[in-house]
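As a basis for the values below, the full set of heavy atoms in this structure was taken, side chains included, without hydrogen atoms, waters or symmetry mates.
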Amino acid sequence: VQLQASGGGLVQTGDSLRLSCAISGRTVTSAIMGWFRQASGKEREFVAAISWRGDSTYSTDSVKGRFTISRDNAKNTVYLQMNSLKPEDTAVYYCAADWAPVASVALKKRAAEYHYWGQGTLVTVSS
């Protein structure tokens, strides 16, 4: 299984970016998908997760109302739409996948819950 994240770049405060994560080697149907980020010198933190049907999402408080996670199972791709970007959003963003069943997507907030990871894409927000 391979995850390929893309879409990062250098933007200004208030701009938008859409990250994509393409999965190969296994269908994403039934997988919980998540996005995490890691700023320089900090631990990796949870950003958002989405159920396998795409009908349930969960995100961390700092991005609620600004970031939206979505998925297209037909394309084996997950997205993270990021609006109103702030300098504190600067980080390497990672997509992650896990096929273990879970009662609620809100329970998939720890990095250890995901067994497959992409290589990361850098998002830099200038002030």
Side-chain angles (χ1 to χ4, degrees):
V1 179
Q2 290 189 326
L3 283 68
Q4 180 72 41
S6 62
L10 172 63
V11 297
Q12 295 184 332
T13 297
D15 285 350
S16 298
L17 275 177
R18 188 176 81 156
L19 305 183
S20 299
C21 177
I23 299 91
S24 60
R26 186 172 180 177
T27 178
V28 295
T29 306
S30 80
I32 301 293
M33 301 297 301
W35 284 97
F36 289 75
R37 66 186 180 186
Q38 188 167 18
S40 180
K42 296 187 177 181
E43 293 186 354
R44 191 168 300 189
E45 66 170 350
F46 170 80
V47 176
I50 187 167
S51 63
W52 72 271
R53 287 194 183 94
D55 57 352
S56 180
T57 63
Y58 184 81
S59 59
T60 191
D61 287 345
S62 63
V63 307
K64 284 181 179 176
R66 301 188 299 122
F67 292 11
T68 302
I69 187 171
S70 62
R71 64 191 296 163
D72 185 337
N73 287 347
K75 296 182 178 179
N76 253 27
T77 302
V78 178
Y79 306 97
L80 185 68
Q81 177 66 44
M82 305 186 295
N83 299 328
S84 302
L85 283 161
K86 305 175 181 180
E88 51 263 43
D89 295 318
T90 294
V92 177
Y93 284 71
Y94 299 89
C95 59
D98 195 78
W99 277 261
V102 64
S104 169
V105 70
L107 298 174
K108 285 286 205 182
K109 296 182 291 185
R110 296 187 303 121
E113 297 283 346
Y114 294 83
H115 290 87
Y116 300 93
W117 290 84
Q119 84 291 356
T121 184
L122 177 62
V123 173
T124 304
V125 185
S126 64
S127 57

Q: Can you confirm whether Q119 is buried at CD, in the sense that more than 12 heavy atoms of other residues, nucleotides or ligands lie under 6.0 Å from that atom?
A: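 More than 12 heavy atoms, drawn from other residues, nucleotides or ligands, come within 6.0 Å of this atom.
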Q: Do Y114 and V102 share a hydrophobic cluster (ILVMFWY, side-chain heavy atoms under 4.5 Å, transitive)?
A: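 Per the 4.5 Å side-chain linkage, Y114 and V102 are co-clustered.
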Q: Assigning hydrophobic clusters by single linkage (Ile, Leu, Val, Met, Phe, Trp, Tyr; side-chain heavy-atom cutoff under 4.5 Å), is V92 placed with L17?
A: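 Result: no, two separate clusters.
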Q: To the nearest 0.5 angstrom, please state how far the CE atom of M82 sits from the CZ atom of R66.
A: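 If we round to the nearest 0.5 Å, M82:CE and R66:CZ are 9.5 Å apart.
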Q: To the nearest 0.5 angstrom, please state how far the CD1 atom of I32 sits from the CG atom of D98.
A: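 With rounding to 0.5 Å, CD1 (I32) is 8.0 Å from CG (D98).
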Q: Which atoms form the tightest heavy-atom contact between L80 and A48, and what is the distance?
A: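 Scanning both residues completely, I find the closest heavy atoms to be CD1-CB, 4.4 Å.
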Q: Under 3.5 Å, which donor-acceptor pairs link side chains of residues 38-47 to any protein atom two or more places apart or in another chain?
A:
{"residue": "Q38", "atom": "NE2", "partner": "K42", "partner atom": "O", "Å": "3.0"}
{"residue": "E45", "atom": "OE2", "partner": "R37", "partner atom": "NE", "Å": "2.6"}
{"residue": "E45", "atom": "OE2", "partner": "R37", "partner atom": "NH2", "Å": "3.2"}

Q: For the atom pair OH (Y58) and CD1 (I50), what is the distance rounded to the nearest 0.5 Å?
A: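 Reported value, rounded in 0.5 Å steps: 15.0 Å.
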Q: Within the side chain of N83, is there an N or O that forms a donor-acceptor pair under 3.5 Å with the backbone of G65?
A: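 Looks like no, no N/O pair under 3.5 Å.
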Q: So W99 and V1, side chain to side chain contact (heavy atoms under 4.5 Å, CB included) or not? Walk me through it.
A: CA-CA 11 Å; W99 277 261; V1 179; 4.1 Å; yes
Q: Which is it for W35 and V78 under the side chain to side chain contact (heavy atoms under 4.5 Å, CB included) test, yes or no, and what are the steps along the way?
A: CA-CA 9 Å; W35 284 97; V78 178; 3.6 Å; yes
Q: Decide side chain to side chain contact (heavy atoms under 4.5 Å, CB included) for I23 and Y116; before the verdict, give the C-alpha distance in whole Å, the side-chain angles of both, and the deciding distance to 0.1 Å.
A: CA-CA 10 Å; I23 299 91; Y116 300 93; over 6 Å; no
Q: Distance from Y93 atom OH to S6 atom OG, nearest 0.5 Å?
A: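 Output value for this atom pair is 15.0 Å.
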Q: Between V105 and W52, is there a shared hydrophobic cluster once you connect ILVMFWY residues whose side-chain heavy atoms come closer than 4.5 Å?
A: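 No, because V105 and W52 fall into different hydrophobic clusters, even though each may have its own neighbours under 4.5 Å.
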Q: Does R71 reach the main-chain N or O of V28 with its side chain, forming a donor-acceptor pair under 3.5 Å?
A: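 Present.
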Q: As a quick check of understanding, evaluate side chain to side chain contact (heavy atoms under 4.5 Å, CB included) for L3 and M33, giving each step before the final call.
A: CA-CA 11 Å; L3 283 68; M33 301 297 301; 4.3 Å; yes
Q: Looking at every heavy atom in both S16 and Q81, which two are closest together, and how far apart are they?
A: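 That would be CB-NE2, 3.9 Å.
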Q: Determine yes or no for a side-chain-to-main-chain donor-acceptor pair under 3.5 angstrom, with T57 supplying the side chain and S51 the backbone.
A: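 Absent.
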Q: Can you name the closest pair of heavy atoms from Y79 and K75 and give their distance?
A: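 So the minimum-distance heavy-atom pair works out to OH-CD, 4.0 Å.
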Q: Would you compute the distance between atom SG of C95 and atom CG of L19 and round it to the nearest 0.5 angstrom?
A: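 One finds 9.0 Å between SG of C95 and CG of L19.
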Q: Determine, for K86 against D89, whether the closest basic-nitrogen to carboxylate-oxygen distance falls under 4.0 angstrom.
A: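 Looking at D89 together with K86, the answer is no, because their closest N to O distance does not fall below 4.0 Å.
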Q: Quick one: pull up OG1 in T90 and CG in L85 and give me the separation to the nearest 0.5 Å.
A: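 Between atom OG1 of T90 and atom CG of L85 there are 8.5 Å.
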Q: Less than 4.5 Å apart, side chain to side chain, heavy atoms only: is that true for N76 and S24?
A: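 Not touching, per the 4.5 Å side-chain cut-off.
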Q: Can you list everything that forms a ring pair (Phe, Tyr, Trp, His ring centres under 6.0 Å) with W117? Sequence neighbours excluded, please.
A: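 Counting only residues at least two positions away or on another chain, W117 forms a ring pair (Phe, Tyr, Trp, His ring centres under 6.0 Å) with F36.
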